[in-house]
Novice: 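Dropping a structure here in C-alpha cells format, bear with me for questions.
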Amino acid sequence: MEAGQRVQQQASDMYDKTRRAVSEAYEKTSREVSGRYDQLMVYSRENPGKTTLIALGTGLGVGLLLGSVTRQARPTNRYAQPIVNALSDVAREYFR
C-alpha cells in the first residue's frame with residue numbers, strides 16, 4: 001500500500017472512531033436529559049406551588065441581573081438588592 005493510501009485509510013479510520021464517539025456521547029446525553037426532564041415533570045406535578053415560586057424567583061432574578069447589567073448608570077439599581085432579599089425571605093418562609 002502506498003503512503004497516500006495509508007494516510008487516507010488512517011484518516012478514514014479516525015473519522016469513523018470520532019463519529020462513533022460523538023454518536024455515543026449524543027445518545028448518552030439525550031437519555032440523561034430525557035430522564036431529568038421526566039423527573040422535573042413529576043416533581044412539578046407533585047409540587048405546583050413550589051415550582052411556581054421557583055420559576056417566579058428565577059425569572060425575577062435573571063431579569064434583575066440583566067437589568068442591572070444594561071442600566072448600570074441609573075439610580076434604580078439600588079432597588080434590586082432589597083427586592084431580591086425580600087423574595088429570598090418569602091421563599092425561605094414558604095419552604096420551611
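Here the structure is a predicted model, which means the values were calculated and not measured.
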Novice: Any chance you could measure L53, atom CG, to T58, atom OG1, to the nearest 0.5 Å?
Specialist: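 Rounded to the nearest 0.5 Å, the CG-OG1 separation comes to 10.0 Å.
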Novice: Using the side-chain hydrogen bond (donor to acceptor under 3.5 Å, both in side chains) criterion, which residues pair with Q10? Sequence neighbours excluded.
Specialist: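 Applying side-chain hydrogen bond (donor to acceptor under 3.5 Å, both in side chains) to Q10 gives none.
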Novice: For the backbone of Y26 and the side chain of T29, can you confirm whether one donor and one acceptor N or O come within less than 3.5 Å of each other?
Specialist: no
Novice: Answer yes or no: is there a donor N or O on one side and an acceptor on the other, between the side chain of T52 and the main chain of P48, under 3.5 Å?
Specialist: yes
Novice: Using modelled atom types and a 3.5 Å cut-off, is there a donor and acceptor pairing between side-chain atoms of S23 and backbone atoms of R19?
Specialist: no
Novice: What's the spacing between N47 CG and I54 CD1 if we round to 0.5 Å?
Specialist: 8.0 Å
Novice: Compare all side-chain heavy atoms of Q9 with those of R6 and state whether any distance is below 4.5 angstrom.
Specialist: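 A side-chain contact is absent here, since even the closest heavy-atom pair is not under 4.5 Å.
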Novice: Measuring from E46:CD to M41:CE, what's the distance to the nearest 0.5 Å?
Specialist: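 So the gap between those two atoms works out to 12.0 Å.
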Novice: Does this structure show an ion pair linking K28 with E24, if we count only N-O contacts that are shorter than 4.0 Å?
Specialist: no
Novice: Has the side chain of S34 got a donor or acceptor atom that lies under 3.5 Å from a matching backbone atom of S30?
Specialist: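 No: the side chain of S34 does not pair with the backbone of S30.
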